[in-house]
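Below is one structure, written out as structure tokens; comments come after it.
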Amino acid sequence: MSKKIKTYYISCVVLFGFLLISCAPKVTAQKENKKPNIILIMLDDLGSEAIGTYGGTSYKTPNFDKLAATGMQFNQAYAQPLCTPSRVKIMTGKYNFRNWEAFGILNKKQKTFGHLMQDAGYATCMVGKWQLQSYDPEDYPGSEFRRGTGMKVEDAGFDEYSMFHALHTEDKGSRFADPTIYQNGAYLKNTKGKYGPDIFSDYLNEFVNKQKDKPFFVYYPMALTHDPFSPTPDSDIWKEEERRLDDDPIYFKDMVVYSDKIIGKIIKNLEEKGIRDETLILIYSDNGTHQKITSKMGDKTIQGGKGLTTENGIKVPCIANWPGVIKEGMVSNEFIDAIDFLPTLLDVSKTPIPSNFKTDGQSFLPVMKGEPTNRRDWVYISYNPKPGVGKDHFHPAEFVLNENYKLYGDGRFYNIANDKLEKDTLTISKNDHKLANTKKRFNTIIDSLKKYPSFGFIERLDPSLDTIISKNARIDLVAEGFNWSEGPVWQPKGQKLLFSDVPENKMYQWNDIDGLSLYMSPSGYTGDNKKITKGSNGLTLDPEGNLILCQVGDRRISKLVSLKDSLNPVFKSLITNYKGNIFNSPNDLVYDSKGNLYFTDPAFGLGKEKSAIGFNGVYFLSKSGKLTLLDKKVQAPNGIAVSHDNKTLYVADSHKTKPSIWAYDIVKDGKIKNKRIFFDATILREKSIEKQSPDGIKIDKNGNLFLAGPGGVLIISPSGKHLGTIRTDKNTGNCEFTDDGRFLFITCDDYLLRVNLRPYAK
């Protein structure tokens, strides 16, 4: 070799070595600065007792177990008792009381972790079960107002998707054999003989494999192990095509094993692509196992608790695995809730939570990294599965818990470490300061998470009231600032309340998501807009769902025909006069179950005007349009109600000399007899702070009367016994139930109040 060539060779080697040295840090730095990939898998109806790493012995789950053994297992992870509440919660990072509407609905105005991860520069994909656009069947009460009102899967913040149960139809098809799958805007064809979970996991892997320039976020809400409990492709019976859609709990074992198999398939694909170390895998579940299923943890038999607020319904598996970041074999007792995933995803992606976005969650990334953290040591759950088909036997609940104790919003207190089924409520002795302080702290947590401030209290005069209004039920002040709120009516469409501000000639609407807004103005006087007069008062819905108004200013009963916008309502008169004389000031109204209308027409809405009729009347308007005067001797007829069996008419008399409720027997349409005082409020009026007489009346499903009157809202039994009062100690005009009878709204002077009558259940 010549000296020149040797010198050139040495120079090349030196240069190559220099390039290696200079480039290596850049490559490392690029890898360190790259945002990690994330796959979030939410199991469907699978409690902790079904997973081997949590002590389950009924099913083989080697892939779940390995993820836990080589990553982190969380032993204090909790979910809502049912799937949709958990899905809404995990995707938005918010407690359900902030954005819950109805089962099967995620409000389309919400921002999901899909949207936020897109904003963070991620390619996003979702596969599995959607179930967030209403699917109530057409014959389910109120379904016509909810069908299709939720978020469309294509608007949820995911670039690509392959989903079961994507649209509102109740005919959702199969999620397992011969599945119905909506993929990127169209239903898949030729799924005969295929298995839904295989399609989902294959699509997930295909999405992962084609990502090059961006990190990816995949959300996989599994279809497994939700019922129907059907064979999997690994079940012996699968070869018999006609048996593939069988529904028998015997196949639950196969479904758990197949879930584990899918986890293994996803991991293997990441390894083959060489990106396993760059990918965080999170495993969670939407609620406990179905109640039909029993599983073993050693010699102990565990029954599934889906739908229940006891441990088996809400305690779920949670596993995090991220090679090189999470140390192997880590176990954590930090509390994990569905709200925590959204801030954790953003934390992992090195993206701050947007200043205009509210989350209730706390990131658990520091926990996964083994870093010091100051997270909450409790979980709060606000849960309401209604309304929705098939959910009538479930009940809302609110509670806070830690490892040892649990306090419900109605005051029930349990030692859940020793009493997992919550059979025995705790009583606190005078000397047990530690337990008393725990309960006090839990109460403070619940109070701090109230969406609305409390107002008033419930006065209990008879033990039977506890069957009507639960102990310690809260009175929420949900809106205020009115001149005189009145005439509330619940409208199932939009799950909202409409009510009048009488002196302002306005009507407002309110729901728990959007709050308060103007519904219409004018509402009850449509003449010279410079004239100061009263608007609408009592409101109701006719059998077709049309809004019917007592228009005090126009002195008529009308129907809202159209509402182009809040300032341009169009009304049609239903009745304006009695025998040619215009009404005084129609005040309140109610339909019977046949579609006939009863209403009151006192003179106190006239002001200085003179009555054209000459008396205050109680009227009957048949569904054919015939008007009948029922009684003209009630001095100040106000609230009015008809018993559910159409046999009794109740009329509130607001006159200060004889404040009472009159009752009449309904003989037939337009004919009453046996007028009598059902309830005398004279003494109560004299003792009350505000000196109010009886006003609006509503009747619950058991025939109890809720009367706006002295002190607030009086609850009166069908026999006329005063059971208690929802005390407002303000002039209280009327009240109204929601369509499921669970909430009572109260129009109270300048306030709108809400009472959760039966809020808590296990």
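The model shown is predicted, which means the values in this text are computed figures rather than measured ones.
More than 12 heavy atoms of other residues, nucleotides or ligands sit less than 6.0 Å from atom CD of Glu242. When the shell of 6.0 Å around NZ of Lys66 is examined, it contains 12 or fewer heavy atoms from other residues, nucleotides or ligands. Crowding of Lys253 atom NZ: a count of heavy atoms from other residues, nucleotides or ligands under 6.0 Å not exceeding 12. Residue Ile250 places its CD1 atom among 12 or fewer non-hydrogen atoms of other residues, nucleotides or ligands, all under 6.0 Å distant. The number of heavy-atom neighbours closer than 6.0 Å to CG of Asp236, taken from other residues, nucleotides and ligands shown, is 12 or below. The environment of Lys265 atom NZ is dense: over 12 non-hydrogen atoms of other residues, nucleotides or ligands sit within 6.0 angstrom.
Here the shortest heavy-atom pairing between Cys318 and Phe341 reads SG-CZ, 4.0 Å. Smallest separation of non-hydrogen atoms from Phe229 and Lys292: CE1-CD, 4.3 Å. For the residue pair Gly193 and Arg244, the shortest heavy atom distance occurs at CA-NH1, 3.7 Å. When all heavy atoms of Ala79 and Ser86 are compared, the closest pair comes out as CB-OG, 3.7 Å. Pairing each heavy atom of Leu401 with each of Phe335, the nearest pair is CD1-CE2, 4.1 Å. Listed here is the closest heavy atom pair of Thr124 and Gly114: CG2-O, 4.0 Å.
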- Run the side chain to side chain contact (heavy atoms under 4.5 Å, CB included) check on Tyr54 and Ile319 step by step: do they pass? CA-CA 10 Å; Tyr54 284 92; Ile319 299 169; 4.3 Å; yes
- Going through the distances and angles, do Asp260 and Tyr59 end up as a side chain to side chain contact (heavy atoms under 4.5 Å, CB included)? CA-CA 10 Å; Asp260 186 82; Tyr59 322 106; over 6 Å; no
- Carefully, step by step, assess Thr92 and Asn99 under the rule side-chain hydrogen bond (donor to acceptor under 3.5 Å, both in side chains). CA-CA 9 Å; Thr92 63; Asn99 58 8; 3.0 Å; yes
- Message: The test is side chain to side chain contact (heavy atoms under 4.5 Å, CB included); show your working for Glu398 and Ile446 and say whether it passes.
- Response: CA-CA 8 Å; Glu398 178 186 43; Ile446 291 175; 3.9 Å; yes
- Message: Val348 vs Trp322, test: side chain to side chain contact (heavy atoms under 4.5 Å, CB included). Steps then yes/no.
- Response: CA-CA 11 Å; Val348 170; Trp322 190 359; 3.9 Å; yes
- Take Arg474 and Asp447 through the test salt bridge (charged side-chain N to carboxylate O under 4.0 Å, His left out) and record every step on the way to the result. CA-CA 10 Å; Arg474 217 164 49 218; Asp447 287 344; 5.4 Å; no
- side-chain hydrogen bond (donor to acceptor under 3.5 Å, both in side chains) between Glu403 and Asn333, worked out: CA-CA 9 Å; Glu403 288 185 74; Asn333 286 321; 4.7 Å; no
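Under a 4.0 Å N-O distance rule, the pair Lys496/Asp514 does not qualify as a salt bridge. A salt bridge is absent between Lys60 and Asp65: the closest approach of a Lys/Arg side-chain nitrogen to an acidic carboxylate oxygen does not fall below 4.0 angstrom. Comment: Asp234 engages Lys261 in a salt bridge, judged by a side-chain N to carboxylate O separation of less than 4.0 angstrom. Comment: Arg441 engages Asp377 in a salt bridge, judged by a side-chain N to carboxylate O separation of less than 4.0 angstrom. With salt bridges taken as basic N to acidic carboxylate O contacts below 4.0 Å, one links Asp246 and Arg243.
The backbone N or O of Phe743 sits less than 3.5 Å from a side-chain atom of Thr738, completing a donor-acceptor pair. Remark: side-chain polar atoms of Asn63 are not paired, donor with acceptor, to backbone N or O of Ile263 under 3.5 angstrom. Formation of a donor-acceptor pair under 3.5 Å by the Ser285 side chain with backbone atoms of Leu46 is found in this model. Although no hydrogens or angles enter the test, the distance criterion places no donor-acceptor pair under 3.5 Å between the side chain of Gln76 and the main chain of Glu334. With Asp360 contributing its side chain and Tyr95 its backbone, the two residues share a donor-acceptor pair below 3.5 Å. Judged by distance alone, the side chain of Thr344 and the main-chain N or O of Phe364 form a donor-acceptor pair under 3.5 Å. Using modelled atom types, no side-chain atom of Asp136 and backbone atom of Arg147 make a donor-acceptor pair closer than 3.5 Å. Checked by atom type and distance alone, the side chain of Arg175 never pairs as donor or acceptor with a backbone atom of Gly196 at under 3.5 Å. With hydrogens and angles ignored, the 3.5 Å screen pairs no side-chain donor or acceptor of Asn404 with any backbone N or O of Asn415. Between the side chain of Gln303 and the main chain of Gln291, a donor-acceptor pair closer than 3.5 Å is present.
Using a 4.5 Å cut-off on side-chain heavy atoms (C-beta onward), Asp286 and Gln80 make no contact. At least one side-chain heavy atom of Met126 sits less than 4.5 Å from a side-chain heavy atom of Val153. Between Ile267 and Leu67 the shortest side-chain heavy-atom distance falls below 4.5 Å. Residues Gln131 and Phe103 are in side-chain contact: their nearest non-hydrogen atoms beyond the backbone lie under 4.5 Å apart. Contact check for Arg375 versus Ile336: side-chain heavy atoms found under the 4.5 Å cut-off. No side-chain heavy atom of Lys420 sits less than 4.5 Å from a side-chain heavy atom of Thr310. Inter-residue side-chain proximity for Gln495 and Arg146 is flagged as met; some heavy-atom pair is nearer than 4.5 Å. Side-chain contact check for Tyr258 versus Asp198: some heavy-atom pair is nearer than 4.5 Å.
The side-chain tip of Lys129 does not point at the ring of Phe200 from less than 6.0 angstrom away and within 45° of straight on.
Side-chain polar atoms of Thr112 and Tyr219 form no donor-acceptor pair below 3.5 angstrom. Side-chain polar atoms of Asn312 and Thr289 form no donor-acceptor pair below 3.5 angstrom. One side chain, Ser235 or Asp254, offers a donor N or O that lies under 3.5 Å from an acceptor on the other.
Separating the OH atom in Tyr284 from the CG atom in Leu43 is a distance of 11.0 Å, to the nearest 0.5 Å. Between Phe97 atom CZ and Ile381 atom CD1 the span is 13.0 Å, to the nearest 0.5 Å. To the nearest 0.5 Å, atoms CD1 (Ile339) and CD1 (Ile90) are separated by 11.0 Å.
Put simply, the residue from Leu757, Asp700, Asn702 that forms a side chain to side chain contact (heavy atoms under 4.5 Å, CB included) with Ile468 is Asp700. Just one of Phe217, Tyr203, Phe216 meets the side chain to side chain contact (heavy atoms under 4.5 Å, CB included) condition when paired with Cys125; it is Tyr203. When the options Ile302, Thr301, Thr57 are evaluated for a side chain to side chain contact (heavy atoms under 4.5 Å, CB included) with Glu49, the one that passes is Ile302. Screening Tyr405, Tyr408, Trp378 for a ring-ring contact (aromatic ring centres under 6.0 Å, His included) with Phe399, the sole residue that qualifies is Tyr408.
The ring of Trp238 has its center closer than 6.0 angstrom to the ring center of Tyr195.
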